[in-house]
*Asks:* 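A single structure is presented below for examination.
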Amino acid sequence: MRYDLVIFDNDGVLVDSEPISNKLLAGYLSELGHPTTYEESVRDYMGSAMHRIHELVEERSGRKLPADFDDTFHSRVFAAFQAELEAVDGAADVLKGLVAAGVPYCVASSGSHERIRVGHRKTGLDVWFREEIVFSADDVGRGKPWPDLFLHAAARMGVAPERCVVVEDSGPGVQAALAAGMDAYGFTAMTAEEKLDGAKGFFRRMDELPAILGM
């Protein structure tokens, strides 16, 4: 094993939530007078913390999103998760392999702790994640693409940044990993390689990841 800690993004890497949440986000923004297609939502917001959505919308339109935007969006997302969400194929097997090999891992997500937990409970991945190895952008002042979240996770796990590897499927996530001084590998099941610029390597199926990590 070439690394002392594997840091997983959550949405799109562990749980197959990106199609659900981006469809809902595009619809809600359009409903509020900010016309957005699903493709635009994926391009502009996938992998970003909620505060980044607020910032981009205000930059482009000059108007703030409603004060209850986050609560309303999350309630719609959680309801959809309960009906539709599944784990990314092969994610549980990778986690099982890390446990068997004694390799530390954690999750560091732009989503809230509640969103992470709702998704993990629905998909059964909660058995692999104790509370102390779950980190959210809510824990730091700035989410991805800033490095704060990954540096926070590494510090809490007691591992130097250069000994960490990040598994990501978004451009902001890869940027955050690089800014933190960590290697990143890009999961391309939903994201084109060119959008994950700077990643050390790429893989399309979760069963490819153990070999990449040297397991």
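Values in this document were obtained by computation on a predicted structure and should not be read as measured data. What's counted below: heavy atoms across the whole structure, side chains too, no hydrogens, waters or symmetry copies.
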*Asks:* Parallel, tilted or perpendicular for Phe69 and Tyr28, by the 30°/60° rule?
*Replies:*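 Phe69 vs Tyr28 ring planes: parallel.
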
*Asks:* Are Val15 and Met190 co-members of a hydrophobic cluster defined by side-chain heavy atoms under 4.5 Å apart?
*Replies:* no

*Asks:* Below 4.0 angstrom, N of the basic side chain to O of the carboxylate: do Lys144 and Glu168 qualify?
*Replies:*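 Yes, charged N to carboxylate O under 4.0 Å.
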
*Asks:* Starting at CG of Leu149, measure out to CD1 of Ile7 and round the result to the nearest 0.5 Å.
*Replies:* 8.0 Å

*Asks:* Is it the case that the side chains of Ser41 and Asn22 hold a donor-acceptor pair, with the cut-off being a distance below 3.5 Å and no angle test?
*Replies:*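 Ser41 and Asn22 do have a side-chain donor-acceptor pair below 3.5 Å.
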
*Asks:* Which is it for Lys122 and Glu86 under the salt bridge (charged side-chain N to carboxylate O under 4.0 Å, His left out) test, yes or no, and what are the steps along the way?
*Replies:* CA-CA 7 Å; Lys122 175 60 170 63; Glu86 297 181 353; over 6 Å; no

*Asks:* Hey, what's the ring geometry for Phe81 with Phe78, parallel, tilted or perpendicular (30° and 60° as the breaks)?
*Replies:* tilted

*Asks:* Salt bridge or not between Arg76 and Glu31? Use side-chain N to carboxylate O under 4.0 Å.
*Replies:*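 Yes, Arg76 and Glu31 are salt-bridged.
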
*Asks:* Just verifying a value: how many Å separate Leu5 CG and Tyr105 OH, rounded to the nearest 0.5 Å?
*Replies:* 11.0 Å

*Asks:* Looking only at side chains, do Asp11 and Ser17 share a donor and an acceptor under 3.5 Å apart?
*Replies:*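 Yes, Ser17 and Asp11 have a side-chain donor paired with an acceptor closer than 3.5 Å.
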
*Asks:* State the CZ-CZ distance between Arg2 and Arg163, to the nearest 0.5 angstrom.
*Replies:* 10.0 Å

*Asks:* Give a yes or no on this: more than 12 heavy atoms of other residues, nucleotides or ligands lie within 6.0 Å of atom CZ of Arg156.
*Replies:* no

*Asks:* Assess the residue pair His120 and Leu14 against the criterion (side chain to side chain contact (heavy atoms under 4.5 Å, CB included)); give the C-alpha distance rounded to whole Å, side-chain angles, the decisive distance to 0.1 Å, and a yes or no.
*Replies:* CA-CA 9 Å; His120 285 188; Leu14 296 174; 4.2 Å; yes

*Asks:* For atom CD of Glu40, decide whether the heavy atoms of other residues, nucleotides or ligands shown that lie under 6.0 angstrom number more than 12.
*Replies:* yes

*Asks:* Centroid separation under 6.0 Å, is that true for the rings of Phe203 and Tyr185?
*Replies:* no

*Asks:* Could you check whether any side-chain N or O of His74 sits under 3.5 Å from a backbone N or O of Asp70, counting only pairs where one atom can act as donor and the other as acceptor?
*Replies:* yes

*Asks:* Are the charged groups of Asp126 and Arg121 less than 4.0 angstrom apart, N to O?
*Replies:*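 The answer is no: the pair does not qualify as a salt bridge.
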
*Asks:* Enter the distance from His152:NE2 to Asp148:CG here, rounded to the nearest 0.5 Å.
*Replies:*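 The NE2 atom of His152 sits 10.5 Å away from the CG atom of Asp148.
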
*Asks:* Which value, rounded to the nearest 0.5 Å, describes the distance between Glu208 atom CD and Phe202 atom CZ?
*Replies:*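 Going from CD on Glu208 over to CZ on Phe202, the span is 12.5 Å.
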
*Asks:* Show your reasoning for whether side chain to side chain contact (heavy atoms under 4.5 Å, CB included) applies to Leu32 and Arg63.
*Replies:* CA-CA 11 Å; Leu32 293 172; Arg63 293 185 288 128; over 6 Å; no

*Asks:* When you look at Arg60 and Asp44, which way does the salt bridge (charged side-chain N to carboxylate O under 4.0 Å, His left out) test go after all the steps?
*Replies:* CA-CA 12 Å; Arg60 292 170 176 177; Asp44 296 341; 2.9 Å; yes

*Asks:* Start with the C-alpha distance between Leu125 and Leu95, add both sets of side-chain angles, then the distance that settles side chain to side chain contact (heavy atoms under 4.5 Å, CB included), and finish with yes or no.
*Replies:* CA-CA 9 Å; Leu125 293 181; Leu95 296 168; 4.2 Å; yes

*Asks:* Distance check, rounded to the nearest 0.5 Å: Ile116 atom CD1 versus Phe129 atom CZ?
*Replies:* 9.5 Å

*Asks:* Salt bridge (charged side-chain N to carboxylate O under 4.0 Å, His left out) for Arg52 and Glu55? Distances and angles first, verdict last.
*Replies:* CA-CA 5 Å; Arg52 185 61 179 154; Glu55 291 165 0; 3.4 Å; yes

*Asks:* Check whether more than 12 heavy atoms from other residues, nucleotides or ligands sit under 6.0 Å from atom CG of Asp197, and answer yes or no.
*Replies:*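 12 or below, so no.
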
*Asks:* Centroid-to-centroid, Phe150 to Phe135, below 6.0 Å?
*Replies:*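 Aromatic pair excluded; centres sit 6.0 Å or further apart.
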
*Asks:* Looking at Thr191 and Thr188, would you say the former's side chain and the latter's main chain have a donor-acceptor pair under 3.5 Å?
*Replies:*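 Checked: no pair found.
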
*Asks:* Would you mind checking if Lys195 and Asp169 are paired as a salt bridge, meaning a charged N to carboxylate O distance below 4.0 Å?
*Replies:*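 Here Asp169 does not pair with Lys195 in a salt bridge, since their nearest N and O are not under 4.0 Å apart.
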
*Asks:* Assigning hydrophobic clusters by single linkage (Ile, Leu, Val, Met, Phe, Trp, Tyr; side-chain heavy-atom cutoff under 4.5 Å), is Phe187 placed with Leu196?
*Replies:*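 No, Phe187 and Leu196 fall in different hydrophobic clusters.
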
*Asks:* Quick one: do Val13 and Met206 satisfy side chain to side chain contact (heavy atoms under 4.5 Å, CB included)? Show the steps, please.
*Replies:* CA-CA 9 Å; Val13 171; Met206 271 293 158; 3.7 Å; yes

